[in-house]
Amino acid sequence: MVLQQKVPHAPVRESESVRDTVLMDESPAIDAGGGGDAAIEVRRLLVIHNPTAGGRRARRLRAVVSRLEARGIGVTVRPTGKRGDAEDFARAADPADVDAVVAAGGDGTINEVINGLAVHAEAGRPLPLGIVPMGTANVLAAELGLTTDADRIAATIAGGRRTMIWPALANGRVFSLMAGAGLDARVVERVDPRVKRLIGKGAYVAETLVQLATRPDHRYRVTLDDGDPQEVASVIVAKGHFYGGRFICAPDARLTEPLLHVCLFPRGGRLNALRYVWGVTAGRLARFPDYRVETAKRVRIEGPAGEGLFADAVQGDGDVLARLPAEITLAGWRLPVLAG
């Protein structure tokens, strides 16, 4: 294993989703290996990881690297030192030098890596993405049917079987899972990293209660393709069917399909917000007569007046990805992911 020197900056913040990770559905959103081309030969890997993950998660990465090297695969590991490093490392990867780039971290780290890999996919030389799940929710890993077992992770990466997924863009930034405006975006933006280090997922629960108690009731205008604007209290644009772990908002959404599933939460006010949160966590959202999911290829989200940093946030894959107004479209390329 070739280990690059860690740069002396504050570690990149790992993103988690707003909701807790109660298991509502154990089924992956795609068949393992589905939608991909023939397997590639994996001989050289670049592993980009967030070194803030310690304990058993760090041991998981070491175990995966050890098993890959035992198969004769050359592995270069680059730890991130600050926000943006994972994206920069992935963008700088040379398809002539590595067969795949592996993201070892949570959904935030993986999102950065995917944004870096976008340049290769746009140029017609896509580098496959491998994943070592090391976050709390690991939503993308759940969508792909990946486990946290080191032997199975290494076998999946070494096997070289690809699943082709369709990412999407929010104001030009790539997301693979979901983008949203409203309560969940406000919580993602405002959650205190110090509290999160102390109580983990509970920090998002606490911040949700704070936002419900103190935040004005904003309304958003959502336009699907060339339709008329619709007014809602919150909106989630989904590429996958899992949300915040294994909760489900868009049951028919699939990473492998070129379609956006738009989850619309029409009613405003604290009581309705609490009702929607309960509906998601209890698995009863689909039974709400006012909740609906519509499909589109292009979505525009507009919100309250405000520009730049004063505009409402758009969360993507569990981190702040853009600000309103937001144009959300499918990417014009597919990304190969090692998930066979």
Side-chain angles (χ1 to χ4, degrees), residues 17 27-40 87 90-91 95 100-103 107-131 138-146 156 160-180 222 224-226 235-243 248-263 293-301 314-319 321-322 326-340:
S17 299
S27 304
I30 62 172
D31 295 329
D37 299 326
I40 61 170
E87 182 174 343
R91 183 181 295 112
V101 174
V102 176
D107 290 311
T109 298
I110 295 169
N111 176 269
E112 279 202 30
V113 171
I114 290 175
N115 271 274
L117 292 177
V119 67
H120 305 296
E122 290 171 346
R125 301 179 67 196
L127 270 170
L129 170 70
I131 296 172
N138 296 316
V139 182
L140 183 56
E143 289 281 349
L144 295 165
L146 302 177
T156 295
R161 292 185 59 196
R162 294 173 290 178
T163 290
M164 305 299 292
I165 69 172
W166 281 95
L169 307 175
N171 289 356
R173 293 290 296 175
V174 184
F175 66 93
S176 63
L177 296 165
M178 89 294 286
V222 180
L224 309 184
D225 296 326
D226 296 320
V235 55
I236 296 170
V237 180
K239 275 300 291 121
H241 80 314
F242 285 140
Y243 175 81
I248 295 176
C249 287
D252 297 325
R254 296 295 181 267
L255 299 177
T256 53
E257 296 178 357
L259 199 61
L260 303 171
H261 290 246
V262 187
C263 307
V293 181
E294 301 183 17
T295 58
K297 295 293 184 73
R298 186 177 71 257
V299 180
R300 179 172 176 82
I301 306 173
V314 176
Q315 72 90 3
D317 293 352
D319 209 346
L321 204 65
E327 293 283 348
I328 299 177
T329 61
L330 292 164
W333 42 268
R334 292 191 299 169
L335 180 69
V337 181
L338 301 177

With sequence neighbours left out, what residues match N138 under side chain to side chain contact (heavy atoms under 4.5 Å, CB included)? P133, A141
Okay, side chain of D225, backbone of A296: is any donor-acceptor separation there less than 3.5 Å? no
With side-chain contact (heavy atoms from CB on, under 4.5 Å) as the test, pick out the partner of L129 among V102, I110, I165. I110
Holding to side chain to side chain contact (heavy atoms under 4.5 Å, CB included), I want the full list of residues that pass it with W333, two or more places apart in sequence or in another chain. A118, A121, E122, P167, V174, A331, L335
Stepwise side-chain contact (heavy atoms from CB on, under 4.5 Å) test for T163 and T256: CA-CA 8 Å; T163 290; T256 53; 3.8 Å; yes
Does I301 reach the side chain of V314, with side-chain heavy atoms less than 4.5 Å apart? no
Should L260 and I328 be marked as a side-chain contact (heavy atoms from CB on, under 4.5 Å) after you check the CA-CA gap, both sets of side-chain angles, and the distance that decides it? CA-CA 9 Å; L260 303 171; I328 299 177; 4.1 Å; yes
For R162 and P128, which heavy atoms make the closest approach, and how far apart are they? CD-CG, 4.1 Å
Considering non-hydrogen atoms only, spot the tightest contact between C249 and V293 and give its length. O-CG2, 3.7 Å
Can you name the residues that form a side chain to side chain contact (heavy atoms under 4.5 Å, CB included) with P258, not counting sequence neighbours? W166, L330
Using salt bridge (Lys or Arg N to Asp or Glu O under 4.0 Å) as the criterion, point out the one residue from R298, R300, K297 that pairs with E327. R300
List the atom of A39, the atom of R161, and the distance in Å for their closest heavy-atom pair. CB-CG, 3.9 Å
Heavy atoms of M178 and G318 approach each other most closely as SD-N, 4.2 Å
Please list, chain by chain and in numerical order, all residues satisfying side chain to side chain contact (heavy atoms under 4.5 Å, CB included) with D252, sequence neighbours excluded. H261
Rounded to the nearest 0.5 Å, how far does CG of L177 lie from CG of D317? 4.0 Å
Of the options T329, V235, V262, which is the one that meets V299 in a side-chain contact (heavy atoms from CB on, under 4.5 Å)? V262
In the structure I gave you, are the side-chain heavy atoms of T156 and L146 within less than 4.5 Å of one another anywhere? yes
Can you run down the salt bridge (charged side-chain N to carboxylate O under 4.0 Å, His left out) pairs that involve residues 169-178, sequence neighbours left out, and say none if there aren't any? E87-R173
What distance separates L255 CG from E143 CD, expressed to the nearest 0.5 Å? 4.5 Å
Work out which heavy atom in A238 is nearest to a heavy atom in A253; give both atom names and the distance. O-CB, 4.4 Å
Distance only, no hydrogens: is a donor on one side chain within 3.5 Å (strictly under) of an acceptor on the other, for N111 and N115? yes
P336 and M164, any side-chain heavy atoms less than 4.5 Å apart: yes
